[in-house]
Number of protein chains: 2
Amino acid sequence: MTEFNEKQIEILQVAEQLFAEEGFDGTSVRDIAKKANINIAMISYYFGSKEKLLESLVLYRISGMRMHLENLYQENISPIEKIEKLIVYYIERVNKNRCMYQILHFELSNKKREINLEAFTEVKNQNLKFLEGIIKEGQEQGMFQSDINVTLLPTIIIGSFIHFQMNKVYYKEILGLKTEEDFENYVLNDLTAHIQKTIKALLVYEK
Amino acid sequence: MTEFNEKQIEILQVAEQLFAEEGFDGTSVRDIAKKANINIAMISYYFGSKEKLLESLVLYRISGMRMHLENLYQENISPIEKIEKLIVYYIERVNKNRCMYQILHFELSNKKREINLEAFTEVKNQNLKFLEGIIKEGQEQGMFQSDINVTLLPTIIIGSFIHFQMNKVYYKEILGLKTEEDFENYVLNDLTAHIQKTIKALLVYEK
DNA sequence: AATTAATTTAAACAAACGTTTAATTTAAAC
DNA sequence: GTTTAAATTAAACGTTTGTTTAAATTAATT
(Lines give C-alpha, C1' and ligand atoms only; values in the text may rest on other atoms or scores of the structure.)
Protein backbone atom coordinates (compact mmCIF):
# COMPACT_ATOMS: atom_id res chain seq x y z
CA MET A 1 0.00 0.00 0.00
CA THR A 2 1.15 3.51 -0.78
CA GLU A 3 2.02 5.63 2.19
CA PHE A 4 0.60 9.10 2.58
CA ASN A 5 2.64 12.22 3.27
CA GLU A 6 1.69 14.83 5.88
CA LYS A 7 -0.27 16.95 3.43
CA GLN A 8 -2.23 13.97 2.21
CA ILE A 9 -3.07 12.90 5.75
CA GLU A 10 -4.24 16.42 6.54
CA ILE A 11 -6.58 16.23 3.56
CA LEU A 12 -7.80 12.78 4.59
CA GLN A 13 -8.59 13.97 8.11
CA VAL A 14 -10.47 17.03 6.91
CA ALA A 15 -12.36 14.94 4.38
CA GLU A 16 -13.26 12.38 7.04
CA GLN A 17 -14.80 14.97 9.29
CA LEU A 18 -16.76 16.61 6.49
CA PHE A 19 -17.95 13.34 4.96
CA ALA A 20 -19.18 12.27 8.39
CA GLU A 21 -20.90 15.56 9.15
CA GLU A 22 -22.34 16.45 5.76
CA GLY A 23 -22.19 13.19 3.85
CA PHE A 24 -20.08 12.38 0.82
CA ASP A 25 -22.50 13.94 -1.65
CA GLY A 26 -23.09 16.85 0.69
CA THR A 27 -19.41 17.74 0.76
CA SER A 28 -17.78 19.51 -2.19
CA VAL A 29 -14.11 19.35 -3.03
CA ARG A 30 -14.11 23.10 -2.47
CA ASP A 31 -15.33 22.57 1.10
CA ILE A 32 -12.48 20.17 1.71
CA ALA A 33 -9.90 22.40 0.06
CA LYS A 34 -11.06 25.42 2.03
CA LYS A 35 -10.96 23.65 5.39
CA ALA A 36 -7.61 22.04 4.65
CA ASN A 37 -6.15 25.30 3.32
CA ILE A 38 -5.13 23.84 0.01
CA ASN A 39 -5.94 24.44 -3.63
CA ILE A 40 -8.86 22.48 -5.10
CA ALA A 41 -6.63 20.91 -7.72
CA MET A 42 -4.53 19.24 -5.01
CA ILE A 43 -7.26 16.69 -4.41
CA SER A 44 -7.15 15.43 -7.96
CA TYR A 45 -3.37 15.75 -7.92
CA TYR A 46 -2.93 13.58 -4.85
CA PHE A 47 -5.87 11.21 -4.98
CA GLY A 48 -7.10 11.29 -8.59
CA SER A 49 -10.69 12.19 -7.85
CA LYS A 50 -13.18 12.81 -5.06
CA GLU A 51 -14.33 9.19 -5.17
CA LYS A 52 -10.79 7.91 -5.01
CA LEU A 53 -10.20 10.20 -2.04
CA LEU A 54 -13.01 8.34 -0.28
CA GLU A 55 -11.48 5.01 -1.20
CA SER A 56 -8.10 6.11 0.12
CA LEU A 57 -9.73 7.36 3.30
CA VAL A 58 -11.55 4.09 3.94
CA LEU A 59 -8.38 2.10 3.33
CA TYR A 60 -6.33 4.44 5.50
CA ARG A 61 -8.67 4.18 8.47
CA ILE A 62 -9.63 0.52 8.31
CA SER A 63 -6.02 -0.59 8.27
CA GLY A 64 -5.71 0.96 11.72
CA MET A 65 -8.88 -0.59 13.05
CA ARG A 66 -7.61 -4.02 13.89
CA MET A 67 -7.95 -4.78 17.58
CA HIS A 68 -5.01 -6.46 19.17
CA LEU A 69 -6.62 -9.13 21.22
CA GLU A 70 -3.81 -11.67 21.44
CA ASN A 71 -2.86 -10.52 24.93
CA LEU A 72 -6.43 -10.49 26.16
CA TYR A 73 -6.92 -14.01 24.90
CA GLN A 74 -4.04 -15.34 26.93
CA GLU A 75 -4.65 -13.33 30.10
CA ASN A 76 -5.27 -15.38 33.20
CA ILE A 77 -8.79 -14.15 33.90
CA SER A 78 -12.20 -15.78 33.70
CA PRO A 79 -14.06 -15.90 30.38
CA ILE A 80 -16.67 -13.56 31.79
CA GLU A 81 -13.99 -10.99 32.56
CA LYS A 82 -12.58 -11.46 29.08
CA ILE A 83 -16.00 -10.74 27.62
CA GLU A 84 -16.25 -7.60 29.72
CA LYS A 85 -12.90 -6.40 28.48
CA LEU A 86 -13.67 -7.35 24.90
CA ILE A 87 -16.82 -5.24 24.95
CA VAL A 88 -14.79 -2.29 26.21
CA TYR A 89 -12.39 -2.83 23.30
CA TYR A 90 -15.25 -3.00 20.82
CA ILE A 91 -16.78 0.20 22.12
CA GLU A 92 -13.44 1.97 22.28
CA ARG A 93 -12.75 1.08 18.69
CA VAL A 94 -16.12 2.17 17.38
CA ASN A 95 -15.94 5.30 19.50
CA LYS A 96 -12.48 6.19 18.27
CA ASN A 97 -13.49 5.61 14.66
CA ARG A 98 -16.91 7.17 15.02
CA CYS A 99 -16.56 9.31 11.90
CA MET A 100 -15.45 6.40 9.75
CA TYR A 101 -18.28 4.23 11.05
CA GLN A 102 -20.73 6.96 10.19
CA ILE A 103 -19.34 7.23 6.68
CA LEU A 104 -19.33 3.46 6.22
CA HIS A 105 -22.83 3.15 7.63
CA PHE A 106 -24.08 5.41 4.88
CA GLU A 107 -21.89 4.12 2.10
CA LEU A 108 -22.78 0.50 2.90
CA SER A 109 -26.39 1.22 2.13
CA ASN A 110 -25.77 3.58 -0.76
CA LYS A 111 -26.43 2.00 -4.09
CA LYS A 112 -24.56 4.50 -6.22
CA ARG A 113 -21.02 3.85 -5.00
CA GLU A 114 -19.33 0.57 -4.40
CA ILE A 115 -16.33 0.64 -2.14
CA ASN A 116 -14.04 -2.24 -1.48
CA LEU A 117 -14.63 -3.48 2.06
CA GLU A 118 -12.52 -6.62 2.05
CA ALA A 119 -10.19 -5.17 4.66
CA PHE A 120 -13.15 -4.29 6.87
CA THR A 121 -14.66 -7.76 6.52
CA GLU A 122 -11.32 -9.27 7.43
CA VAL A 123 -11.05 -7.18 10.58
CA LYS A 124 -14.54 -8.18 11.63
CA ASN A 125 -13.93 -11.85 10.97
CA GLN A 126 -10.75 -11.81 12.98
CA ASN A 127 -12.47 -10.21 15.95
CA LEU A 128 -15.21 -12.79 15.63
CA LYS A 129 -12.64 -15.57 15.86
CA PHE A 130 -11.35 -14.23 19.16
CA LEU A 131 -14.86 -13.91 20.48
CA GLU A 132 -15.60 -17.49 19.46
CA GLY A 133 -12.54 -18.67 21.35
CA ILE A 134 -13.60 -16.94 24.53
CA ILE A 135 -17.15 -18.23 24.30
CA LYS A 136 -15.91 -21.76 23.79
CA GLU A 137 -13.66 -21.46 26.81
CA GLY A 138 -16.62 -20.29 28.89
CA GLN A 139 -18.76 -23.12 27.64
CA GLU A 140 -16.12 -25.70 28.48
CA GLN A 141 -15.94 -24.33 32.00
CA GLY A 142 -19.72 -24.62 32.22
CA MET A 143 -20.16 -20.89 32.76
CA PHE A 144 -21.88 -20.11 29.44
CA GLN A 145 -24.86 -21.79 27.84
CA SER A 146 -24.24 -23.99 24.84
CA ASP A 147 -26.59 -22.42 22.32
CA ILE A 148 -24.91 -19.07 21.73
CA ASN A 149 -25.14 -17.34 18.36
CA VAL A 150 -21.67 -15.82 18.34
CA THR A 151 -22.17 -13.97 15.06
CA LEU A 152 -24.96 -11.90 16.53
CA LEU A 153 -23.07 -10.82 19.66
CA PRO A 154 -21.10 -8.01 18.00
CA THR A 155 -24.34 -7.02 16.28
CA ILE A 156 -25.83 -6.19 19.66
CA ILE A 157 -22.72 -4.45 20.94
CA ILE A 158 -21.98 -2.29 17.92
CA GLY A 159 -25.60 -1.86 16.86
CA SER A 160 -26.67 -0.55 20.26
CA PHE A 161 -23.69 1.75 20.48
CA ILE A 162 -24.09 3.25 17.03
CA HIS A 163 -27.82 3.67 17.44
CA PHE A 164 -27.18 5.54 20.67
CA GLN A 165 -24.69 7.83 18.97
CA MET A 166 -26.93 8.45 15.99
CA ASN A 167 -29.82 9.46 18.23
CA LYS A 168 -27.63 11.66 20.39
CA VAL A 169 -30.08 14.57 20.44
CA TYR A 170 -32.94 12.37 21.60
CA TYR A 171 -30.97 10.56 24.28
CA LYS A 172 -29.42 13.76 25.60
CA GLU A 173 -32.88 15.10 26.16
CA ILE A 174 -34.52 12.03 27.62
CA LEU A 175 -31.58 11.17 29.87
CA GLY A 176 -31.00 14.75 30.95
CA LEU A 177 -27.44 14.88 29.62
CA LYS A 178 -26.78 18.57 29.26
CA THR A 179 -23.21 18.84 28.03
CA GLU A 180 -21.18 16.93 25.50
CA GLU A 181 -19.10 15.71 28.42
CA ASP A 182 -22.18 14.33 30.18
CA PHE A 183 -23.05 12.43 27.04
CA GLU A 184 -19.54 11.09 26.55
CA ASN A 185 -19.43 9.96 30.17
CA TYR A 186 -22.78 8.26 29.90
CA VAL A 187 -21.59 6.37 26.84
CA LEU A 188 -18.35 5.21 28.42
CA ASN A 189 -19.88 4.32 31.78
CA ASP A 190 -23.60 3.63 31.76
CA LEU A 191 -24.09 2.50 28.18
CA THR A 192 -20.98 0.34 28.22
CA ALA A 193 -22.03 -1.25 31.51
CA HIS A 194 -25.49 -1.85 30.12
CA ILE A 195 -24.14 -3.61 27.06
CA GLN A 196 -21.78 -5.67 29.20
CA LYS A 197 -24.64 -6.70 31.42
CA THR A 198 -26.78 -7.57 28.42
CA ILE A 199 -24.18 -9.81 26.83
CA LYS A 200 -23.33 -11.50 30.13
CA ALA A 201 -27.02 -12.12 30.78
CA LEU A 202 -27.43 -13.64 27.34
CA LEU A 203 -24.43 -15.93 27.81
CA VAL A 204 -25.69 -17.45 31.05
CA TYR A 205 -29.41 -17.32 30.32
CA GLU A 206 -31.25 -20.63 30.26
CA LYS A 207 -34.62 -20.90 28.66
CA MET B 1 -52.05 18.86 8.61
CA THR B 2 -52.62 19.17 4.88
CA GLU B 3 -53.64 16.01 3.11
CA PHE B 4 -51.82 14.80 0.04
CA ASN B 5 -53.48 13.82 -3.23
CA GLU B 6 -52.60 10.68 -5.19
CA LYS B 7 -50.00 12.43 -7.32
CA GLN B 8 -48.29 13.88 -4.28
CA ILE B 9 -48.20 10.51 -2.53
CA GLU B 10 -46.71 8.95 -5.65
CA ILE B 11 -43.96 11.57 -5.56
CA LEU B 12 -43.41 11.02 -1.82
CA GLN B 13 -43.04 7.27 -2.31
CA VAL B 14 -40.58 7.64 -5.16
CA ALA B 15 -38.62 10.23 -3.22
CA GLU B 16 -38.52 7.98 -0.15
CA GLN B 17 -37.02 5.10 -2.08
CA LEU B 18 -34.44 7.28 -3.81
CA PHE B 19 -33.48 9.19 -0.66
CA ALA B 20 -32.97 5.87 1.12
CA GLU B 21 -30.95 4.33 -1.69
CA GLU B 22 -28.88 7.29 -2.86
CA GLY B 23 -29.17 9.74 0.01
CA PHE B 24 -30.85 13.13 -0.03
CA ASP B 25 -27.88 14.93 -1.55
CA GLY B 26 -27.27 12.03 -3.92
CA THR B 27 -30.77 12.30 -5.35
CA SER B 28 -31.63 15.06 -7.81
CA VAL B 29 -35.11 16.41 -8.39
CA ARG B 30 -34.66 15.21 -11.95
CA ASP B 31 -34.15 11.64 -10.68
CA ILE B 32 -37.36 11.87 -8.71
CA ALA B 33 -39.30 13.42 -11.57
CA LYS B 34 -38.10 10.79 -14.01
CA LYS B 35 -38.98 7.85 -11.77
CA ALA B 36 -42.34 9.32 -10.87
CA ASN B 37 -43.08 10.23 -14.48
CA ILE B 38 -43.73 13.85 -13.77
CA ASN B 39 -42.25 17.17 -14.80
CA ILE B 40 -39.45 18.57 -12.63
CA ALA B 41 -41.42 21.70 -11.89
CA MET B 42 -44.14 19.67 -10.19
CA ILE B 43 -41.93 19.15 -7.15
CA SER B 44 -41.64 22.86 -6.52
CA TYR B 45 -45.30 23.26 -7.46
CA TYR B 46 -46.53 20.74 -4.91
CA PHE B 47 -43.97 20.92 -2.14
CA GLY B 48 -42.17 24.23 -2.59
CA SER B 49 -38.66 22.85 -2.76
CA LYS B 50 -36.60 19.70 -2.50
CA GLU B 51 -35.97 20.31 1.21
CA LYS B 52 -39.65 20.87 1.88
CA LEU B 53 -40.36 17.63 0.04
CA LEU B 54 -38.16 15.87 2.58
CA GLU B 55 -39.98 17.57 5.44
CA SER B 56 -43.33 16.54 4.01
CA LEU B 57 -42.07 13.00 3.57
CA VAL B 58 -40.85 12.71 7.15
CA LEU B 59 -44.13 14.09 8.47
CA TYR B 60 -46.16 11.82 6.19
CA ARG B 61 -44.39 8.68 7.30
CA ILE B 62 -43.92 9.34 11.00
CA SER B 63 -47.60 10.07 11.50
CA GLY B 64 -48.23 6.45 10.50
CA MET B 65 -45.54 5.00 12.71
CA ARG B 66 -47.37 4.96 16.00
CA MET B 67 -47.72 1.45 17.36
CA HIS B 68 -51.10 0.58 18.82
CA LEU B 69 -50.20 -1.17 22.00
CA GLU B 70 -53.32 -0.55 24.05
CA ASN B 71 -54.65 -4.04 23.35
CA LEU B 72 -51.33 -5.71 24.07
CA TYR B 73 -51.12 -3.92 27.37
CA GLN B 74 -54.45 -5.28 28.54
CA GLU B 75 -54.08 -8.80 27.19
CA ASN B 76 -54.24 -11.55 29.76
CA ILE B 77 -50.74 -12.93 29.23
CA SER B 78 -47.58 -12.89 31.32
CA PRO B 79 -45.25 -9.88 31.22
CA ILE B 80 -42.61 -12.02 29.55
CA GLU B 81 -45.00 -12.86 26.73
CA LYS B 82 -45.91 -9.21 26.44
CA ILE B 83 -42.25 -8.36 26.03
CA GLU B 84 -41.90 -10.99 23.34
CA LYS B 85 -44.83 -9.56 21.45
CA LEU B 86 -43.64 -6.01 21.94
CA ILE B 87 -40.28 -6.86 20.38
CA VAL B 88 -42.06 -8.31 17.37
CA TYR B 89 -44.04 -5.09 17.08
CA TYR B 90 -40.87 -3.01 17.31
CA ILE B 91 -39.15 -5.03 14.62
CA GLU B 92 -42.21 -5.06 12.39
CA ARG B 93 -42.43 -1.32 12.59
CA VAL B 94 -38.78 -0.67 11.86
CA ASN B 95 -38.89 -3.28 9.10
CA LYS B 96 -41.96 -1.75 7.50
CA ASN B 97 -40.45 1.72 7.67
CA ARG B 98 -36.94 0.63 6.74
CA CYS B 99 -36.50 3.33 4.12
CA MET B 100 -37.64 6.10 6.43
CA TYR B 101 -35.38 4.84 9.23
CA GLN B 102 -32.48 4.87 6.82
CA ILE B 103 -33.24 8.43 5.78
CA LEU B 104 -33.68 9.54 9.38
CA HIS B 105 -30.53 7.75 10.48
CA PHE B 106 -28.58 9.87 8.06
CA GLU B 107 -30.45 13.10 8.50
CA LEU B 108 -30.20 12.88 12.29
CA SER B 109 -26.44 13.03 12.05
CA ASN B 110 -26.26 15.48 9.18
CA LYS B 111 -25.31 18.93 10.30
CA LYS B 112 -26.47 20.80 7.23
CA ARG B 113 -30.19 20.19 7.50
CA GLU B 114 -32.41 20.41 10.52
CA ILE B 115 -35.68 18.59 10.33
CA ASN B 116 -38.41 18.77 12.89
CA LEU B 117 -38.58 15.47 14.74
CA GLU B 118 -41.07 16.32 17.46
CA ALA B 119 -43.56 13.82 16.09
CA PHE B 120 -40.90 11.12 16.05
CA THR B 121 -39.84 11.86 19.61
CA GLU B 122 -43.44 11.72 20.69
CA VAL B 123 -43.93 8.29 19.10
CA LYS B 124 -40.80 6.98 20.80
CA ASN B 125 -41.79 8.35 24.18
CA GLN B 126 -45.21 6.80 23.95
CA ASN B 127 -43.79 3.40 23.13
CA LEU B 128 -41.40 3.79 26.02
CA LYS B 129 -44.33 4.41 28.37
CA PHE B 130 -45.92 1.12 27.38
CA LEU B 131 -42.65 -0.69 27.83
CA GLU B 132 -42.24 0.83 31.28
CA GLY B 133 -45.70 -0.38 32.25
CA ILE B 134 -44.94 -3.94 31.22
CA ILE B 135 -41.59 -3.96 33.00
CA LYS B 136 -43.20 -2.66 36.18
CA GLU B 137 -45.83 -5.37 35.98
CA GLY B 138 -43.11 -8.01 35.67
CA GLN B 139 -41.20 -6.54 38.56
CA GLU B 140 -44.27 -6.54 40.80
CA GLN B 141 -44.80 -10.20 39.98
CA GLY B 142 -41.17 -10.87 40.89
CA MET B 143 -40.32 -12.11 37.41
CA PHE B 144 -38.03 -9.25 36.40
CA GLN B 145 -35.08 -7.80 38.24
CA SER B 146 -35.50 -4.40 39.84
CA ASP B 147 -32.59 -2.54 38.26
CA ILE B 148 -33.70 -2.33 34.63
CA ASN B 149 -32.71 0.61 32.47
CA VAL B 150 -35.89 0.82 30.44
CA THR B 151 -34.64 3.63 28.21
CA LEU B 152 -31.87 1.45 26.86
CA LEU B 153 -34.06 -1.54 26.00
CA PRO B 154 -35.36 -0.15 22.68
CA THR B 155 -31.79 0.92 21.96
CA ILE B 156 -30.75 -2.72 21.91
CA ILE B 157 -33.76 -3.88 19.93
CA ILE B 158 -33.73 -1.21 17.24
CA GLY B 159 -29.95 -0.72 17.20
CA SER B 160 -29.27 -4.42 16.63
CA PHE B 161 -31.92 -4.65 13.97
CA ILE B 162 -30.79 -1.59 12.03
CA HIS B 163 -27.15 -2.57 12.27
CA PHE B 164 -28.03 -5.96 10.85
CA GLN B 165 -29.90 -4.39 7.96
CA MET B 166 -27.14 -1.89 7.26
CA ASN B 167 -24.53 -4.65 7.06
CA LYS B 168 -26.72 -6.85 4.90
CA VAL B 169 -23.96 -7.74 2.45
CA TYR B 170 -21.64 -8.87 5.25
CA TYR B 171 -24.22 -10.89 7.11
CA LYS B 172 -25.53 -12.52 3.97
CA GLU B 173 -22.06 -13.79 3.27
CA ILE B 174 -21.09 -14.88 6.76
CA LEU B 175 -24.42 -16.52 7.50
CA GLY B 176 -24.71 -18.14 4.07
CA LEU B 177 -27.94 -16.39 3.18
CA LYS B 178 -28.05 -16.61 -0.59
CA THR B 179 -31.31 -14.98 -1.62
CA GLU B 180 -33.16 -11.90 -0.47
CA GLU B 181 -35.80 -14.23 0.86
CA ASP B 182 -33.26 -16.11 2.96
CA PHE B 183 -32.17 -12.83 4.47
CA GLU B 184 -35.70 -11.65 5.16
CA ASN B 185 -36.53 -14.97 6.79
CA TYR B 186 -33.43 -14.86 8.95
CA VAL B 187 -34.37 -11.39 10.13
CA LEU B 188 -37.95 -12.28 10.98
CA ASN B 189 -37.09 -15.61 12.61
CA ASP B 190 -33.54 -15.95 13.89
CA LEU B 191 -32.64 -12.34 14.50
CA THR B 192 -35.98 -11.58 16.11
CA ALA B 193 -35.68 -14.65 18.34
CA HIS B 194 -32.15 -13.65 19.25
CA ILE B 195 -33.23 -10.16 20.28
CA GLN B 196 -36.14 -11.57 22.25
CA LYS B 197 -33.84 -13.95 24.05
CA THR B 198 -31.38 -11.15 24.76
CA ILE B 199 -33.99 -8.86 26.29
CA LYS B 200 -35.56 -11.66 28.31
CA ALA B 201 -32.15 -12.66 29.62
CA LEU B 202 -31.41 -9.10 30.62
CA LEU B 203 -34.71 -8.74 32.45
CA VAL B 204 -34.21 -11.81 34.64
CA TYR B 205 -30.41 -11.62 34.98
CA GLU B 206 -29.06 -11.24 38.48
CA LYS B 207 -25.53 -10.11 39.02
C1' DA C 1 24.70 27.29 -10.75
C1' DA C 2 21.86 24.77 -13.99
C1' DT C 3 18.51 21.34 -14.76
C1' DT C 4 14.99 18.42 -13.71
C1' DA C 5 11.13 17.03 -11.07
C1' DA C 6 7.46 17.90 -7.80
C1' DT C 7 4.26 21.00 -5.97
C1' DT C 8 0.97 24.75 -6.07
C1' DT C 9 -1.78 28.10 -8.26
C1' DA C 10 -5.69 30.75 -10.70
C1' DA C 11 -8.55 30.18 -14.33
C1' DA C 12 -11.47 27.79 -17.25
C1' DC C 13 -14.39 23.68 -18.57
C1' DA C 14 -18.64 21.34 -19.42
C1' DA C 15 -22.11 19.10 -16.87
C1' DA C 16 -25.49 18.91 -13.33
C1' DC C 17 -27.88 21.18 -9.84
C1' DG C 18 -32.51 23.41 -7.71
C1' DT C 19 -35.66 26.73 -9.00
C1' DT C 20 -38.48 29.91 -11.81
C1' DT C 21 -40.79 31.48 -15.82
C1' DA C 22 -44.34 31.97 -19.03
C1' DA C 23 -47.04 29.42 -22.11
C1' DT C 24 -50.15 25.58 -22.64
C1' DT C 25 -53.32 22.04 -21.49
C1' DT C 26 -56.84 20.09 -18.55
C1' DA C 27 -60.53 20.42 -15.16
C1' DA C 28 -64.04 22.98 -12.54
C1' DA C 29 -67.35 26.53 -11.90
C1' DC C 30 -70.63 29.43 -13.58
C1' DG D 1 -70.36 27.70 -23.89
C1' DT D 2 -67.64 30.89 -21.52
C1' DT D 3 -64.80 31.97 -17.74
C1' DT D 4 -61.86 30.91 -14.05
C1' DA D 5 -58.82 27.96 -11.67
C1' DA D 6 -55.60 24.11 -11.38
C1' DA D 7 -52.28 21.20 -13.42
C1' DT D 8 -48.58 20.41 -16.60
C1' DT D 9 -45.04 21.52 -19.78
C1' DA D 10 -40.46 22.93 -22.07
C1' DA D 11 -37.15 26.18 -21.66
C1' DA D 12 -34.22 29.09 -19.36
C1' DC D 13 -32.12 30.96 -15.05
C1' DG D 14 -27.96 31.58 -12.27
C1' DT D 15 -25.11 28.52 -9.18
C1' DT D 16 -22.45 24.96 -7.96
C1' DT D 17 -20.42 20.76 -9.12
C1' DG D 18 -15.85 17.76 -10.13
C1' DT D 19 -12.11 17.99 -13.09
C1' DT D 20 -8.49 19.78 -16.14
C1' DT D 21 -5.29 23.04 -17.97
C1' DA D 22 -1.20 25.54 -18.40
C1' DA D 23 1.60 28.65 -16.04
C1' DA D 24 4.23 29.68 -11.81
C1' DT D 25 6.63 28.38 -7.82
C1' DT D 26 9.34 25.45 -4.85
C1' DA D 27 12.37 21.50 -3.99
C1' DA D 28 15.65 18.03 -5.39
C1' DT D 29 19.26 16.43 -8.26
C1' DT D 30 23.20 16.83 -10.91
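Quantities reported herein were computed from a predicted structural model and do not represent experimental measurements. Here is how names work: the chains are called A, B, and so on, in the same order as the sequence lines, proteins then strands, and each is numbered from 1.
Within residues 11-22 of chain A, no residue approaches DNA chain C, by heavy-atom distance under 4.0 Å.
Between the side chains of A:Tyr90 and A:Asn95, no donor-acceptor pair of N or O atoms lies under 3.5 Å. Residues B:Asn125 and A:Tyr170 bring a donor and an acceptor atom of their side chains to less than 3.5 Å of each other.
By the 4.0 Å N-to-carboxylate-O rule, A:Glu81 lies too far from A:Lys200 to be salt-bridged with it. Taking a cutoff of 4.0 Å between a charged side-chain nitrogen and a carboxylate oxygen, A:Asp190 and A:Lys197 do not qualify as a salt bridge. The existence of a salt bridge linking B:Lys111 and A:Glu22 is excluded, since no basic side-chain nitrogen approaches an acidic carboxylate oxygen closer than 4.0 Å.
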- Expected string for nucleotides 11-24 of chain D under the B/S/- scheme (protein heavy atoms, under 4.0 Å, primed atoms plus P, OP1, OP2 as sugar-phosphate) is -B----BBBBB---
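At whole-Å resolution of the value, CD in A:Gln8 and P in C:dA6 are 14 Å apart. What separates CD of B:Glu6 from P of D:dT8 is a distance of 12 Å, to the nearest Å. Rounded to an integer number of Å, the gap from B:Tyr46 OH to C:dT19 C1' is 18 Å. B:Ile32 places its CD1 atom 15 Å from the C1' atom of C:dA16, with the value rounded to the nearest Å. Counting to the nearest Å, the P atom of C:dT8 and the NZ atom of A:Lys34 are 20 Å from each other.
Checked against the 6.0 Å centroid threshold, B:Phe183 and B:Phe164 count as a close aromatic pair. A ring-centre distance under 6.0 Å is not found for A:His163 and B:His163.
Contact detail for A:Ser160 and B:Thr155: the closest heavy-atom pair is O-CG2, 3.6 Å.
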- Query: Yes or no on side-chain hydrogen bond (donor to acceptor under 3.5 Å, both in side chains) for A:Gln17 and A:Glu21, after CA distance, side-chain angles and deciding distance?
  - Reply: CA-CA 6 Å; A:Gln17 200 199 326; A:Glu21 283 177 358; 3.0 Å; yes
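No engagement by B:Phe47 is indicated, since no non-hydrogen atom pair under 4.0 Å with the nucleic acid exists.
Between B:Ile174 and A:Leu128, the closest side-chain pair of non-hydrogen atoms falls below 4.5 Å.
The only member of B:Arg61, B:Arg93, B:Gln165 that meets side-chain hydrogen bond (donor to acceptor under 3.5 Å, both in side chains) when paired with B:Tyr101 is B:Arg93.
Helical stems involving DNA chain C, defined as 3 or more consecutive Watson-Crick or G-U pairs under 3.5 Å, span C:1-30 with D:1-30.
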